[in-house]
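Here's the structure we're looking at; comments come further down.
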2 protein chains.
Amino acid sequence: MATRVPQERRRRRPTRSGVLLSEDLIVETALRLIGEHGPEALSVRRLGTALGCDPTALYRYFHGTDDLVLAIADRIIGDAMEGFVPGDDWVASLREMALRVRAGYVAHPRAAAMAAHRVTRRKSEIRAVETGIGLLLSAGFEPASAARLYLAFIDTVLSHAAADAAFQALPRQQREADHRAWRDVYQDLDPVAYPALTAVRPELPGMADSSFEEAVDLLLEALAARAPAARGCGRSRPGARR
Amino acid sequence: MATRVPQERRRRRPTRSGVLLSEDLIVETALRLIGEHGPEALSVRRLGTALGCDPTALYRYFHGTDDLVLAIADRIIGDAMEGFVPGDDWVASLREMALRVRAGYVAHPRAAAMAAHRVTRRKSEIRAVETGIGLLLSAGFEPASAARLYLAFIDTVLSHAAADAAFQALPRQQREADHRAWRDVYQDLDPVAYPALTAVRPELPGMADSSFEEAVDLLLEALAARAPAARGCGRSRPGARR
DNA sequence: CGCCTTACGTCAACAGGGTTGACCCAATGC
DNA sequence: GCATTGGGTCAACCCTGTTGACGTAAGGCG
């Protein structure tokens, strides 16, 4: 099979059910499908029926599942960052970027779980990188530091977001089991063998919650502390948790 | 099918090829299989043939794929943390924990990619949590802070490790394409539309590398800065990158 | 020592997945 | 209006996890 996907103009023909396929329509349908019928709903075959076309028609638009996934990922990034304009405060701006990306991923857990660690090399991703590195440059970092630190920042954001998304993407049963684990298993431990866990026992149920914001805040504190145009050292926590 | 998995003693019978199955043997074989034949090699059926038994025999030992995955994950944690003893320097100790966990995950990419975000609720995981929280308590944090910050720390470590593992787990073709993206796509951008990216252009090929250590160092800096028994504010970078 | 129970290895089958090559119609360029 | 060929369709292949039924041999017990 020649999986040649010309992205020039195309010579589209209405599908059996009358729909005109397009890259955008496919990606949108994929996201809708995931949103409506849960994380497991994304498969070439189901996507085909949802679009009212033969599943294999998709191979005319994407080289394969992977290609489709990258397109979906870039769409999520684009939607999440839509309307975002970086403000004067670079720390606050990075923080908002982080929250937006995470929200976008959690809204599409299954897709995010597949795509979060990839390089989409598409429009929206490139724009986001441009914005982020721009913010660090505006903070006074050298180009080399800016690139390196942006990578550390965005990787943390993306991987945390992916973790949250992966958790959302679990079948309800497993999700609840993981959640209960902190209440159940970790509650009945031998105090002698596990003194630290015993000391923090009341806090353990909270371990099931996401640590996303705390992690981002810690990271931004460290960045602010390292910034040439420093924002001070001790007290620059950009936001309180909970 | 009654997926009842008694973990008491069992009444084992040699398999058709003469092997005596056991939970440990299955987990070890799974890890070996992944290590030898690549990330795609882990499937119930292949695991069955590797063990010299019918694939469905595994269901006598694990409730399903998920259960098996959790067992594998805990084994990885256990192997990675084997022989680790926390030292006097809590920052250095946390740093070593991070590096060990990451090394363990990257060594078993496919398994890690499936399991990194789960709560195994098994022996090795519990021991690791005990150690980590103990370190933060020893640093002088209140129990509530210790639990919360440990969560932020370990989630960052785990999700970064998972990201690295997920990348390793990609088919070679996709892995190389993602890697090349930073050299190719991101090199030929319009300087007017993308000033920041143009400013850091020489640094972009490095974006393909892992930012794990940088992120961990940033996080540990922030933790050290927040610690009651402070290690000082500005200059506590626990390790230099590269 | 030998029976009975039942754990557990095996087998066949099902539903779903991605991907392919062949087929052929109709939209487009000339 | 004709030739070209993009692209929608169909059938088929091989993979996956999971199940219920089946029977054999291991272990407890008399």
Side-chain angles (χ1 to χ4, degrees), chain A residues 1-23 25-26 29-30 33-34 37-70 72 110 114 170-171 173-174, chain B residues 1-23 25-26 29-30 33-34 37-70 72 110 114 170-171 173-174:
Chain A
M1 171 72 293
T3 55
R4 31 166 60 246
V5 181
Q7 59 257 45
E8 297 300 316
R9 311 177 53 261
R10 20 172 61 94
R11 186 156 119 187
R12 298 181 293 159
R13 189 181 359 167
T15 177
R16 167 163 263 268
S17 64
V19 195
L20 273 187
L21 292 179
S22 74
E23 211 165 305
L25 178 64
I26 296 176
T29 307
L33 208 139
I34 295 170
H37 306 299
E40 311 300 328
L42 187 60
S43 82
V44 175
R45 291 175 134 95
R46 264 199 277 260
L47 189 46
T49 27
L51 281 162
C53 71
D54 189 277
T56 61
L58 304 178
Y59 287 86
R60 305 284 179 198
Y61 292 83
F62 300 96
H63 294 95
T65 308
D66 185 64
D67 198 27
L68 172 61
V69 162
L70 290 185
I72 293 177
R110 168 80 163 151
M114 291 185 302
L170 288 177
Q173 220 174 350
Q174 295 174 24
Chain B
M1 171 71 292
T3 54
R4 30 160 67 243
V5 181
Q7 57 258 44
E8 298 301 314
R9 311 179 53 263
R10 20 173 63 94
R11 186 156 117 188
R12 299 180 292 158
R13 189 181 358 168
T15 178
R16 164 161 265 270
S17 64
V19 195
L20 274 186
L21 291 181
S22 76
E23 211 165 306
L25 179 63
I26 295 175
T29 308
L33 208 140
I34 296 169
H37 305 301
E40 311 301 327
L42 187 60
S43 82
V44 175
R45 292 173 131 93
R46 262 197 279 258
L47 188 47
T49 25
L51 281 161
C53 71
D54 189 276
T56 60
L58 304 179
Y59 287 87
R60 305 285 177 196
Y61 293 84
F62 300 96
H63 293 96
T65 308
D66 186 62
D67 198 28
L68 172 61
V69 162
L70 291 185
I72 294 177
R110 168 79 163 153
M114 292 186 300
L170 288 177
Q173 219 174 350
Q174 296 174 24

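Keep in mind it's a predicted model, so treat the numbers as computed, not measured. Quick note on labels: first sequence line is chain A, next is B, and so on, each numbered from 1.
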Using the test side chain to side chain donor-acceptor pair (under 3.5 Å), find all partners of B:T15 that sit at least two apart in sequence or belong to another chain. none
Check DNA chain D against residues 49-58 of chain B and give the residues with a non-hydrogen atom under 4.0 Å, in numerical order. B:T56
With sequence neighbours left out, write down each residue that passes side-chain contact (heavy atoms from CB on, under 4.5 Å) with A:L42, or none if nothing qualifies. A:A30, A:I34, A:L47, A:I72, A:M114
Give the rounded distance in Å between these two atoms: CZ of A:R46 and P of C:dG16. 8 Å
Please report the distance, rounded to the nearest Å, between CZ in B:F62 and C1' in C:dC8. 15 Å
Quick one: which of C:dA27, D:dT16, C:dG17 gets closest to the side chain of A:P14? C:dA27
Could you pull out all residues at least two apart from B:V44 that satisfy side-chain contact (heavy atoms from CB on, under 4.5 Å)? B:P55, B:L58, B:Y59, B:T65
Measuring from the side chain of A:Y59 (C-beta onward, heavy atoms only), which nucleotide among C:dG9, C:dG18, D:dT16 has the closest atom? C:dG18
Value in whole Å for how far the P atom of C:dG9 lies from CG of B:L25: 11 Å
B:T65 has a side chain; which of C:dT19, D:dT16, D:dT18 sits nearest to it? D:dT18
Any side-chain heavy atom of B:C53 within less than 4.5 Å of one from B:L21? yes
Partner residues of B:T49 under the side chain to side chain donor-acceptor pair (under 3.5 Å) criterion, sequence neighbours left out: none
Rounded distance (Å) that lies between atom C1' of C:dT28 and atom CG of A:L20: 15 Å
Output for pair (B:L20 CG, B:R13 CZ), nearest 0.5 Å, gives 11.5 Å
So if I take every side-chain heavy atom of B:R13 and compare against D:dA26, D:dC10, C:dG17, which nucleotide ends up nearest? D:dA26
Grab the CZ-P distance between A:R60 and C:dC25 for me, whole Å please. 15 Å
Without decimals, in angstroms, what is the distance between A:Y61 OH and D:dG6 P? 13 Å
Between NE2 of A:H63 and C1' of C:dT19 the distance, given in whole Å, is 14 Å
When the distance from CG of A:L42 to P of C:dG18 is rounded to whole Å, what number comes out? 8 Å
